[in-house]
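Notes follow the structure.
Naming convention: chains lettered A, B, ... in sequence-line order (proteins, then strands); numbering from 1 in each chain.
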Amino acid sequence: MKIRKILALALALTALSAVAMAEFDASKTISVISREEGSGTRGAFLELTGILAKDAQGVEVDHTYAEAIISNGTNLVLTTVAGNDAAIGYASLSSVLHNDTVKALKVEGVEATTENILNGTYRIARPFNAVTRGELTDPLAVDFMQFVLSKEGQAIVMEDGLVSDVNNETPSYTAANLAGSLTVGGSTSVAPVMELLAEAYMEYNPDAVIEVQSTGSSAGVTGALDGTYDIGMASRALKDSEMEKGAEAIVIGTDGIAVVVNLNNPVEDITVEQVRQVFTGEVAVWADLAR
Amino acid sequence: MRGLFLASACVCILAVGVICYFLFANGLPFFSQYSVVGFITGTEWAPLRGVFGILPMIVGSFVITLGALLLGAPIGVLTAVMMARFASGRVVRLMKPAVALLAGIPSVVYGFFGLMLLVPFTRNTLGGDGLSILVASVLLAIMILPTIIQTSQAAIEAVPDAYYEGSLALGATHESSVFRAVLPAARSGIISGIVLGVGRAIGETTAVLMVAGNQARLPTSLLKGVRTLTVNVLLEMGYAAELHRESLIATGVVLFIIIMAINFVFSFVNRRRVLQ
């Protein structure tokens with residue numbers, strides 16, 4: 001008898017929670033889901049939304065909410081958001097585009113799509129640039145950039161989660177069988193995809209050696225200007241001061257980050273400032289998120 | 001033949017030695033750049049700014065392990081008693097493979113089970129994110145059950161029947177004979193089982209990572225998330241470089257020392273009991 005009662009109670013509770021799940025409860029505390037320290041996606045997201053801000057001494061401080069759940073991978077972020085009504089997270093756009101278990105929010109009214117990232121209207125995105133000093137002259141460097149921008153190179157770029165405007169007119173790469181060595185250095189965010197590109201290039205051109213050093217975007221631009229690097233890497237647009245000195249940028253791909261919420265969440269649109277408020281814990285409840 | 005045995009034993013010892021060497025050789029240099037006290041008692045973890053405080057993770061590991069122990073040990077020991085002294089042969093034949101199966105389930109499956117079932121259930125009934133100390137403890141309690149059950153059962157079955165029969169002959173009931181004569185005699189084996197369980201709980205990583213929320217700050221409630229030492233290493237190893245990476249290996253060193261300390265304390269206590 002007792003067991004039957006408990007079972008009935010459990011059944012009723014489950015039914016109740018199922019009903020509750022259908023209706024979104026805006027009084028719920030927002031479950032903020034972030035990535036681990038060191039993740040490139042986290043770094044880019046914090047920078048682009050202003051969660052990483054300089055303090056009075058000029059030191060960059062990470063203001064991520066201390067109660068934010070930390071997931072160590074895109075898939076875990078998406079699974080967690082998909083299973084929790086009140087959750088908000090972020091992931092690289094490419095992983096979200098074909099995922100219908102979560103909803104990507106519009107940012108400042110702009111939908112997170114490949115087109116909007118390429119035309120620059122979607123705010124949480126940044127270009128991955130190859131930086132050169134004027135026109136490239138070294139034949140190996142020219143050929144390497146040709147490979148990076150070719151169909152084969154851009155396929156690697158997209159494989160790595162970046163957005164590319166590759167189309168049918170993008171030329172394919174034919175190996176030039178060049179020999180020599182090349183040093184590419186700069187942004188730690190660009191370095192991983194550049195390493196993949198370098199590896200693939202060296203398979204086409206076994207006599208070429210391409211070394212990828214990861215130092216930082218500014219160091220990448222400086223290095224390209226002073227000749228330390230044949231090609232620099234920067235995960236941001238060039239500054240005016242850098243362009244005045246002769247630095248030129250070639251976009252090899254664009255890194256877009258989507259802000260994702262649960263499918264039951266009625267919120268469609270969010271501003272960059274609201275993203276910052278949510279991920280720093282300034283806004284704790286969904287109802288407080290001014291629409 | 002003897003050479004083969006010796007070689008096998010050497011492989012085992014060698015593995016322990018190499019792991020110890022690797023851990024300390026790679027982890028200790030970190031302390032030449034960061035103070036041991038600051039590392040162990042610091043409450044802030046901001047590796048990219050060069051602040052490495054792992055007290056939240058030490059507390060996290062202990063809290064979750066304690067929770068798992070409080071839930072898992074009584075259930076495990078009582079299940080072992082049931083299987084050894086109370087259940088009929090048919091029930092035992094059913095339970096033994098079930099317990100063995102429980103031991104064989106990979107931890108990522110446990111983690112998925114926790115994430116899909118325990119987390120939403122906790123969130124809907126008790127509130128919070130669901131990813132919490134409570135869920136992690138419950139999950140770990142289930143995970144350490146087979147270890148405790150199998151070791152305890154073997155220990156109880158190894159107690160000579162004379163203990164039990166002697167107690168019955170003195171007029172004790174079945175229950176009190178089992179609990180007052182057989183169990184105390186099996187104590188050392190049961191304690192080893194529990195220590196093994198503690199070792200498994202404190203060392204478990206993947207399943208905990210999936211359900212614990214992993215916040216690197218001191219927790220204030222059972223419904224809040226927490227980060228353990230093991231999770232800290234797995235979580236950040238992928239992208240960590242230089243001092244950050246060394247700090248993660250140093251985290252491993254601290255975990256290693258804690259586990260050695262626990263084993264040492266228990267074996268000391270156990271030996272003293274046996275001597276008495």
Side-chain angles (χ1 to χ4, degrees), chain A residues 9-10 13-21 25 27-43 46-47 52 55 57 59-73 75-77 79-88 188-189 191-192 214-215 262 281, chain B residues 43-52 56 108 111-112 114-132 205-206 209-221 223-227 231-245 247-248:
Chain A
L9 193 70
L13 271 176
T14 332
L16 216 74
S17 56
V19 171
M21 265 166 86
D25 181 2
S27 67
K28 267 190 187 163
T29 307
I30 303 175
S31 295
V32 179
I33 296 158
S34 191
R35 290 284 305 276
E36 74 279 19
E37 298 247 6
S39 141
T41 313
R42 172 172 173 144
L46 297 187
E47 224 170 84
L52 193 70
D55 66 1
Q57 278 83 45
V59 182
E60 288 205 315
V61 179
D62 183 342
H63 292 284
T64 301
Y65 189 28
E67 295 298 330
I69 293 160
I70 306 296
S71 294
N72 78 327
N75 289 329
L76 193 53
V77 170
T79 313
T80 311
V81 173
N84 181 353
D85 269 17
I88 187 167
T188 51
S189 308
S214 79
T215 45
N262 188 276
Chain B
T43 54
E44 195 191 1
W45 176 259
L48 299 186
R49 239 183 329 126
V51 181
F52 305 96
V108 67
F112 202 63
L115 188 63
M116 288 311 188
L117 214 79
L118 298 180
V119 167
F121 181 77
T122 313
R123 185 167 57 232
N124 294 335
T125 50
L126 299 172
D129 292 327
L131 298 154
S132 56
T205 316
T206 316
L209 187 146
M210 291 170 81
V211 300
N214 312 324
Q215 293 94 333
R217 50 102 188 87
L218 289 168
T220 50
S221 130
L223 293 175
K224 298 246 170 170
V226 79
R227 186 184 294 189
V231 165
N232 194 40
V233 178
L234 181 64
L235 200 60
E236 298 189 355
M237 205 42 133
Y239 295 104
E242 293 154 25
L243 198 61
H244 184 190
R245 194 181 127 85
S247 77
L248 296 182

With chain A as the partner, which of B:A212, B:A46, B:P47 has the greatest number of non-hydrogen pairs under 4.5 Å? B:P47

Under 4.5 Å from a heavy atom of chain A, the part of B:L235 involved: both

Against chain A, label B:L48 side chain, backbone, both or neither, depending on which of its atoms sit under 4.5 Å from a heavy atom there. both

If I measure from the heavy atoms of chain B, does [X] come under 4.5 Å with its side chain, its backbone, both, or neither?
{"X": "A:T79", "result": "side chain"}
{"X": "A:A66", "result": "both"}
{"X": "A:T29", "result": "neither"}
{"X": "A:S34", "result": "neither"}

Rounded distance (nearest 0.5 Å) linking atom OH of A:Y65 with atom CZ of B:R217: 9.0 Å

The reported gap from CE in B:M237 to CZ in B:R245 (rounded to nearest 0.5 angstrom) is 5.0 Å

My understanding is that only residues two or more places apart in sequence, or in another chain, count here; which of them pass side-chain contact (heavy atoms from CB on, under 4.5 Å) with B:R123? A:N84, B:V119, B:P120

Are B:E44 and B:R49 within salt-bridge range, i.e. N to O under 4.0 Å? yes

Could you tell me which of A:R35, A:E60, A:E67 has the largest number of non-hydrogen atom pairs under 4.5 Å with chain B? A:E67

If we define contacts as heavy-atom pairs under 4.5 Å, which of A:V61, A:T80, A:D62 has the most with chain B? A:V61

So do B:V231 and A:I70 actually touch side chain to side chain, heavy atoms under 4.5 Å? no

Under 30°, 30 to 60°, or over 60°: which ring-plane class applies to B:F52 and B:H244, parallel, tilted or perpendicular? tilted

State whether a side-chain donor-acceptor pair under 3.5 Å links B:N232 with B:R227. yes

